[in-house]
Amino acid sequence: MDYHIILASNSPRRRELLSGLDVKYEVKVLPDIEESYPADLPVAEVPLYIAREKAEAYRGLIQPEELVITADTVVVLGDEVLGKPADLAEAGCMLRKLSGRTHQVITGVCLTTCQKQRAFTVTTDVTFKPLTDDEIDYYVQRYRPLDKAGAYGIQEWIGYIGVTGLRGSYFNVMGLPVQRIYNELKMF
């Protein structure tokens, strides 16, 4: 790799996944990057919009030998974007909405250098069995759903007992579509 890779994310899951590619990188996170989006933006475009906004915050700071990876993941149920819940009550509400249904997990990714940018999205369909209130309450109280889009981590207990179907990238659901990132980095 001709570039020094910078992962612009505090997510421990993204660090774990990028480390799995055996590429050297460092984490640099700018404080207070806005993650809002226009209200009229189609839901499928939200994560790429936010990933591009994050990349723009780094644009003036990138050195010629650096490549910055920015990403954003959302859970989409119908026409509703389920981001990170504000509190445990909202986390429970989100899981009740997802219960017994199929939703999409969409991650937008930008690979940005001084000269160019490659941007893409990866979508995975995830189906949950009908979850009981006890299962939802157990997960919300015992795990950390507040830092996860849609209030769940597929690699945690709720994914073990609740996910009955998956079409697409499992790692995308964790927050970083590493197979696609690997291919995109090769093309850089």
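Just so it is clear, the structure is predicted and the values come from calculations on it, not from any experiment.
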Legend entry - side chain to side chain contact (heavy atoms under 4.5 Å, CB included) between Q104 and R167, worked out: CA-CA 9 Å; Q104 288 71 47; R167 194 183 74 194; over 6 Å; no
Legend entry - Pair L17-I181, side chain to side chain contact (heavy atoms under 4.5 Å, CB included): steps then yes or no: CA-CA 11 Å; L17 291 169; I181 288 173; over 6 Å; no
Inset, instruction - Could you walk me through whether L185 and I5 pass side chain to side chain contact (heavy atoms under 4.5 Å, CB included), step by step? - result: CA-CA 10 Å; L185 287 172; I5 297 174; 4.2 Å; yes
Legend entry - Residue pair L18, V23: steps toward the side chain to side chain contact (heavy atoms under 4.5 Å, CB included) verdict: CA-CA 7 Å; L18 190 58; V23 296; 4.1 Å; yes
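Among T127, D125, T164, the single residue meeting the side-chain hydrogen bond (donor to acceptor under 3.5 Å, both in side chains) criterion with T102 is T127. The only member of N172, T124, T107 that meets side-chain hydrogen bond (donor to acceptor under 3.5 Å, both in side chains) when paired with T73 is T107.
A donor-acceptor distance shorter than 3.5 angstrom exists from the side chain of Y25 to the backbone of R15, with no hydrogens or angles considered. For the pair E135 (side chain) and L131 (backbone), a donor-acceptor distance under 3.5 Å is absent.
Between atom CD1 of residue I6 and atom CD of residue E66 there is a gap of 3.5 Å, rounded to the nearest 0.5 Å. Rounded to the nearest 0.5 angstrom, C114 SG and Q63 CD are separated by 7.0 Å. Taking CD of Q155 as the reference point, atom CZ of R13 lies at 6.0 Å (rounded to 0.5 Å). In this structure, CD in E80 is found 3.5 Å from NZ in K97, a value given to the nearest 0.5 Å. Separation of atoms OG (S9) and CD1 (I69) is listed at 10.0 Å; rounding is to 0.5 Å. In this structure, CD1 on I33 lies 10.0 Å from CD on E53, to the nearest 0.5 angstrom.
Cation-pi geometry between K28 and Y58 is not met at under 6.0 angstrom from the ring centre and within 45 degrees of the axis.
Residues T112 and L67 form no side-chain contact, since every pair of their non-hydrogen atoms from C-beta on lies 4.5 Å or further apart. With a 4.5 Å cut-off on side-chain heavy atoms, Q117 and R52 count as touching. Looking only at side-chain heavy atoms (C-beta outward), T113 and F188 come within less than 4.5 Å of each other. By the 4.5 Å heavy-atom criterion applied to side chains, L111 and T70 are not counted as neighbours. Contact annotation: the side chain of Y160 never approaches that of E156 to less than 4.5 Å [non-hydrogen atoms, C-beta and beyond]. Between L7 and E26 the shortest side-chain heavy-atom distance does not fall below 4.5 Å. The closest side-chain heavy-atom distance from F171 to L176 is not below 4.5 Å. Looking only at side-chain heavy atoms (C-beta outward), L48 and V109 stay at 4.5 Å or farther from each other.
Counting Ile, Leu, Val, Met, Phe, Trp and Tyr side chains that sit under 4.5 Å apart, directly or through other members, V81 shares a hydrophobic cluster with Y37, L41, V43, V46, Y49, I50, V74, V76, I106.
Comment: R180 engages E184 in a salt bridge, judged by a side-chain N to carboxylate O separation of less than 4.0 angstrom. Between D147 and K84, none of the side-chain N atoms (NZ, or NE/NH1/NH2) sits under 4.0 Å from a carboxylate O, so this pair counts as no salt bridge. A salt bridge links R96 with D137: the closest approach of a Lys/Arg side-chain nitrogen to an acidic carboxylate oxygen falls below 4.0 angstrom. For the pair K54 and E35, the salt-bridge criterion is met [side-chain N within less than 4.0 Å of a carboxylate O].
The ring-ring contact (aromatic ring centres under 6.0 Å, His included) test applied to Y138 returns W157, not counting sequence neighbours.
Other residues, nucleotides and ligands contribute more than 12 heavy atoms inside 6.0 Å of the CZ atom of R59. Residue K116 qualifies as enclosed at atom NZ: its count of foreign heavy atoms under 6.0 Å is above 12.
Nearest heavy atoms, L88 versus P145: CD2-CG, 4.2 Å. Smallest separation of non-hydrogen atoms from V122 and S169: CG1-CB, 4.5 Å. For A151 against Y139, the heavy-atom pair with the smallest separation is O-CE2, 3.3 Å. Closest approach of G108 and A51 over heavy atoms only: O-CB, 3.4 Å.
One hydrophobic cluster, built from ILVMFWY side chains closer than 4.5 Å, cannot hold both V178 and M187; they sit in different ones.
The six-membered or imidazole ring of Y152 lies near that of F128, with a centre-to-centre distance under 6.0 Å.
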